[in-house]
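What follows is a short report on a single structure.
Convention: sequence-line order gives letters A, B, ...; per-chain numbering from 1. Bear in mind the structure is a predicted one, so any value in this text is a computation, not a measurement.
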There are 2 protein chains.
Amino acid sequence: MSKVEKRSEIVHAALELIAENGFHGAPMAMIAERANVGAGTIYRYFENKDVLINGLCQDLEERMYPIILKGYAADTPLRERFLHLGAALLRYFIGNPLDFRFLEQFHNSPYGVEHRRDKILGKNAEYNVFRELFEAGVSRQVMKDLPLVILFALAFGPLLAVARDHILNFISLDDDLIARTVEASWDGIRR
Amino acid sequence: MSKVEKRSEIVHAALELIAENGFHGAPMAMIAERANVGAGTIYRYFENKDVLINGLCQDLEERMYPIILKGYAADTPLRERFLHLGAALLRYFIGNPLDFRFLEQFHNSPYGVEHRRDKILGKNAEYNVFRELFEAGVSRQVMKDLPLVILFALAFGPLLAVARDHILNFISLDDDLIARTVEASWDGIRR
DNA sequence: CTATACGGAATGAACGTTCATTCCTTCATG
DNA sequence: CATGAAGGAATGAACGTTCATTCCGTATAG
């Protein structure tokens with residue numbers, strides 16, 4: 001197994017275990033076992049567990065963004081753009097339940113809160129499709145005149161809740177239901 | 001300290017610690033210390049930590065419901081009823097951030113998933129204002145014709161997300177913003 | 001009224017377990 | 001051989017839980 005493969009085996013095992021059992025249920029020894037690696041080996045790739053977990057999140061975002069943005073056209077009407085992003089996000093989560101569950105675990109832990117604080121309050125102003133879309137929506141008076149944070153909550157709150165319900169088998173989403181859910185969440189933000 | 005007081009000291013300390021630091025950050029020894037109680041004493045009131053935590057949730061719901069339902073009139077229009085419940089819920093969470101944070105921790109743990117599975121799939125059919133409101137909304141064609149679970153997600157997803165953002169200081173909600181947020185989430189579910 | 005005996009409540013040191021991390025040995029490769 | 005990667009047993013800290021002991025309010029006897 002090459003060095004890169006080994007790293008990715010560790011990352012994959014960690015993500016899987018955390019997604020399935022939460023942070024409690026993913027001790028380093030178990031991660032090592034599932035990755036077919038010695039317990040000490042992990043520490044050759046990651047300084048400690050915190051670093052491993054934050055690395056997991058970063059890896060995940062880098063895998064996710066290109067997939068969600070595939071076919072996204074920045075010159076179509078705002079509504080269409082939102083429907084694209086919403087449906088793509090929802091489909092991604094449904095198709096990759098482990099990724100979704102990991103992100104949920106992550107965002108409900110001290111790690112995730114810190115991460116989000118940086119994103120929202122940070123002076124990074126990093127390029128962000130979502131932020132751009134919503135700022136355009138407000139300034140063109142297509143969306144409600146509410147703070148960006150609230151618009152995000154109105155748009156993504158339902159989508160994440162629905163993804164969770166699907167993954168926990170409280171409901172079964174098909175393409176039609178996905179489309180109607182995203183349209184409904186658009187009704188929440190549009191003027 | 002009377003027996004009842006002692007129990008409630010333990011419950012309060014546990015809720016506070018779990019809300020502030022998550023389940024990780026609330027070892028029994030620390031709960032005991034904050035409750036001014038011996039470590040072993042907790043086990044005179046609760047069989048083990050699981051029982052304590054589930055008890056916390058139950059206590060909390062019993063405290064919450066009467067407050068949220070105060071002034072709720074089952075004979076007013078559906079929109080008005082929803083706005084009442086939504087605003088009451090949001091105000092409760094904002095006014096009791098520890099309760100909110102505890103519920104979030106709880107629902108994102110195995111405890112909470114089990115709890116929710118029982119509520120949604122259980123044959124209990126326990127009386128539930130929320131379910132009743134939404135079923136009426138669908139059958140009177142005031143709300144979108146979507147599965148109940150999705151309507152719940154559309155309605156409460158944004159409210160919970162907004163409460164979280166307020167409590168984490170990503171935004172500051174006042175009465176006006178609360179009202180406009182709840183109205184927006186009504187737009188998401190109404191036909 | 002005081003002294004003593006009793007029993008349930010409270011205590012916190014101690015236990016066994018589990019975890020993240022370290023460290024020394026073994027192995028593979030040049 | 002020499003070098004660095006990999007392995008997994010060892011380590012110590014932290015956890016939930018237990019239990020022998022202490023504490024204290026009340027009942028009883030003198």
Side-chain angles (χ1 to χ4, degrees), chain A residues 1-59 101-102 105-106 108-112 114-115, chain B residues 1-59 102 105-106 108-115:
Chain A
M1 200 159 26
S2 84
K3 203 154 172 170
V4 185
E5 281 171 30
K6 196 156 287 198
R7 196 197 124 99
S8 107
E9 279 298 310
I10 293 169
V11 163
H12 187 251
L15 188 132
E16 223 173 76
L17 281 168
I18 292 173
E20 283 166 5
N21 315 320
F23 288 100
H24 293 277
M28 292 299 256
M30 205 182 286
I31 294 172
E33 191 186 4
R34 190 174 291 207
N36 289 313
V37 139
T41 307
I42 297 179
Y43 289 85
R44 300 200 55 76
Y45 293 85
F46 300 96
E47 192 187 333
N48 56 42
K49 199 176 182 178
D50 281 16
V51 170
L52 167 61
I53 286 171
N54 281 297
L56 247 50
C57 180
Q58 208 163 336
D59 276 33
R101 299 267 288 144
F102 170 79
Q105 297 286 346
F106 182 80
N108 281 290
S109 73
Y111 303 112
E114 202 51 41
H115 185 259
Chain B
M1 201 160 23
S2 83
K3 201 153 173 176
V4 185
E5 281 171 31
K6 195 156 288 194
R7 197 197 122 101
S8 105
E9 279 296 310
I10 293 169
V11 164
H12 186 251
L15 188 131
E16 223 173 77
L17 281 169
I18 292 172
E20 284 167 5
N21 316 319
F23 286 100
H24 294 278
M28 292 299 254
M30 205 182 286
I31 293 172
E33 191 186 4
R34 190 174 292 207
N36 289 311
V37 138
T41 307
I42 297 178
Y43 290 84
R44 298 199 55 75
Y45 293 86
F46 301 95
E47 193 187 334
N48 55 42
K49 199 176 183 179
D50 280 16
V51 170
L52 167 59
I53 286 170
N54 281 296
L56 248 49
C57 181
Q58 208 163 335
D59 276 32
F102 170 79
Q105 298 286 345
F106 182 81
N108 280 290
S109 73
Y111 303 113
V113 171
E114 203 49 42
H115 185 260

State, with a plain yes or no, whether a side-chain heavy atom of [X] is found less than 4.5 Å away from one of [Y].
X: B:Ile42; Y: B:Met28; answer: yes
X: B:Ile18; Y: B:Ile53; answer: yes
X: A:Asp59; Y: A:Arg7; answer: yes
X: B:Phe23; Y: B:Ser109; answer: yes

Quiz item: Between the side chains of B:Tyr111 and B:Asp50, does any donor sit under 3.5 Å from an acceptor?
Solution: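 On atom types as modelled, these side chains qualify, holding a pair under 3.5 Å.
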
Contact list (N/O, under 3.5 angstrom) for nucleotides 10-16 of chain D vs protein:
{"residue": "D:dG16", "atom": "OP1", "partner": "B:Lys49", "partner atom": "NZ", "Å": "2.4"}
{"residue": "D:dG16", "atom": "OP2", "partner": "B:Met28", "partner atom": "N", "Å": "2.7"}

Over how many whole Å does the gap from [X] atom [atom1] to [N] atom [atom2] extend?
X: A:Asn21; N: C:dC19; atom1: CG; atom2: P; value: 11 Å
X: B:Ile42; N: D:dT17; atom1: CD1; atom2: P; value: 10 Å
X: B:Arg44; N: C:dA9; atom1: CZ; atom2: P; value: 5 Å
X: B:Asp50; N: D:dT17; atom1: CG; atom2: C1'; value: 13 Å

Self-check item: Nearest listed nucleotide, side chain of A:Ala39, among D:dG8, D:dG7, C:dA9
Solution: D:dG8

Practice problem: Please state whether the rings of B:Phe106 and B:His115 are parallel, tilted or perpendicular, taking 30° and 60° as the class boundaries. | Solution: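 Rings of B:Phe106 and B:His115: perpendicular, as their planes differ by over 60°.
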
Self-check item: B:Tyr45 side chain near C:dA9 phosphate (N/O to OP1/OP2, under 4.0 Å)
Solution: no

